Amino acid sequence: MSVEAEKPLGPIDTERPYKKLIDFRNKTYLAPLTTVGNLPFRRICKEYGVDITCGEMAMAKNLLHGQQSEWALTKRHASEDIFGMQICGSKIDQVVKACELINNETDVDFVDLNMGCPIDLVFKAGAGSALPESRGKMVKMIKGMQTVLDVPVTVKFRTGLKENTPTAHKLIPRFEELNVGLCTIHGRSRMQRYTKSANWDYIRSLKQEFTKIPLFGNGDVLSFEDYNNCKAQSGVDGIMIGRGALIKPWIFDEIKEQRHWDISSRERLDMLKRFCNYGLEHWGTDSQGVNNTRRFLCEWQSFLYRYVPVGVMEVVPQKLNERAPPYFGRDELETLMASPKAADWVKLSEMLLGPAPEDFTFVPKHKANSFEVMIYIYI
Ligand SMILES: Cc1cc2nc3c(=O)[nH]c(=O)nc-3n(C[C@H](O)[C@H](O)[C@H](O)COP(=O)(O)O)c2cc1C
């Protein structure tokens with residue numbers, strides 16, 4: 001008798017049981033971060049105690065074209081014990097097909113659908129922050145993903161398109177019907193850049209409407225106090241952290257220990273040394289691997305330099321949307337680490353990776369030092 005014939009008769013079970021259910025609640029979550037949220041950086045965050053990590057956004061179309069660099073984004077490190085990948089696409093069949101491949105070819109614990117990417121190219125194609133505008137398509141896409149994946153589907157979205165007319169609350173009934181594994185809201189609209197604060201009041205009002213599935217909030221958390229306040233005020237089930245982790249990855253340790261860490265420049269250099277080792281392991285030790293490691297280190301340093309050591313601050317904690325005046329550190333290294341100049345970031349890289357090639361120039365992709373142009377570049 002075949003195995004099939006032994007199954008009890010009855011209706012076909014259309015809801016695939018998840019292989020692995022994840023309890024996301026009350027865990028810290030490192031945001032998906034294009035370019036800078038690479039595997040070596042995530043290893044550093046794991047060392048400082050983050051619970052959930054997510055890979056950089058991958059485009060469904062590129063995955064279907066078999067682009068190696070896109071598939072590399074789904075790679076996890078052994079230390080990433082709750083690891084998801086993020087997918088972005090505008091066509092249902094492409095996203096679902098890509099998820100089928102992800103299910104067969106990769107080892108991830110969840111797949112997050114990007115519904116927040118603001119950039120024109122993605123938006124105009126109907127992906128990212130445009131998806132919630134086509135509600136029917138969005139629902140079909142998530143259903144399709146759930147059908148082919150053995151792991152939970154999660155979603156990340158913004159408050160809406162325009163700052164003064166938030167629309168995310170209209171999505172809640174859909175997400176609850178679909179029983180998605182986790183919703184994360186970045187408390188900004190598509191049009192809103194990083195100059196204005198995230199809207200945690202709106203996040204709180206949203207949380208009051210969520211009854212069945214967990215909701216995480218995201219936006220502007222740079223200290224354990226920010227974390228505590230945002231969590232208590234909004235009642236969310238957890239917090240996702242992006243730039244706060246780039247500027248000071250030890251924020252996860254501060255949250256766990258509930259204290260400020262006056263980390264020394266030596267300890268910070270050690271962290272960079274570990275990053276370089278992980279980088280060489282990940283990108284290779286040949287000249288291209290070293291070059292990549294240097295480039296991604298500089299890319300990260302374009303955020304790291306904004307950290308102001310606890311010991312030199314008049315008022316703690318530092319706030320994400322406040323710019324500190326230039327200062328001298330407590331030693332030469334601390335001063336160098338605070339430099340906003342790309343040439344100094346290369347100098348730092350030379351302390352760890354040896355001299356940069358003569359033709360090496362560095363222009364940060366994310367231009368973190370300019371708030372006006374602070375948009376994230378996806379593709
Ligand atoms: C450099 C950079 C890259 C980003 N890449 C992505 C991405 O790939 N996918 C995504 O959903 N959000 C991306 N974001 C948005 C963040 O995940 C997060 O929602 C946003 O930065 C707000 O959180 P924060 O205030 O903690 O930084 C990116 C943000 C930055 C600064």
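One is the number of the first residue; the rest follow in order along the sequence. It should be emphasised that the depicted structure is a prediction, and the values quoted were computed from it without experimental measurement. Both ligands and their constituent atoms are indexed starting at 1 by order of listing.
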Which ligand 1 atoms does [X] reach within 4.0 Å, using its non-hydrogen atoms?
| X | value |
| --- | --- |
| R243 | 24 (P), 25 (O), 26 (O), 27 (O), 31 (C) |
| Q86 | 7 (C), 8 (O), 9 (N), 10 (C), 11 (O) |
| A31 | 17 (O) |
| M57 | 8 (O) |
| N114 | 9 (N), 10 (C), 11 (O) |
| Y194 | 15 (C), 20 (C), 21 (O), 29 (C), 31 (C) |

Can you tell which part of [X] has a heavy atom less than 4.0 Å from ligand 1: side chain, backbone, both or neither?
| X | value |
| --- | --- |
| K156 | side chain |
| D220 | both |
| L33 | both |
| H186 | side chain |
| V36 | side chain |

Considering both backbone and side-chain atoms of [X], is one of its nitrogen or oxygen atoms within less than 3.5 Å of a nitrogen or oxygen in ligand 1?
| X | answer |
| --- | --- |
| L320 | no |
| E56 | no |
| R188 | no |
| M240 | no |

Flag, side chain of [X] to backbone of [Y], donor-acceptor distance under 3.5 Å:
| X | Y | value |
| --- | --- | --- |
| K97 | L101 | no |
| Y202 | H169 | yes |
| R204 | S234 | no |

Check your understanding: Looking at the rings of F110 and F24, which for Trp means the six-membered one, are their centres under 6.0 Å apart?
Key -> yes

Practice item. Flag this pair as yes if the NZ/CZ of R294 is under 6.0 angstrom from the six-membered ring centre of F360 and inside a 45 degree cone about the axis; otherwise no. Key: yes

Review point. Does the cation-pi check pass for R190 over F123, that is, NZ or CZ under 6.0 Å from the six-membered ring centre and within 45° of its axis?
Key: yes

Review point. I142 and V180: which non-hydrogen atoms are nearest, and at how many Å?
Key: CG2-CG1, 3.8 Å

Point to revise | Considering all heavy atoms, the nearest F224-Q258 contact | key: CD1-OE1, 3.6 Å

**Study point:** ligand 1 contacted by G219 (non-hydrogen, < 4.0 Å)
**Key:** yes

Point to revise | Residue pair Y29 / C54, side-chain heavy-atom distance below 4.5 Å | key: yes

Review point. Side chains of M240 and L182: does their closest heavy-atom pair fall under 4.5 Å?
Key: no

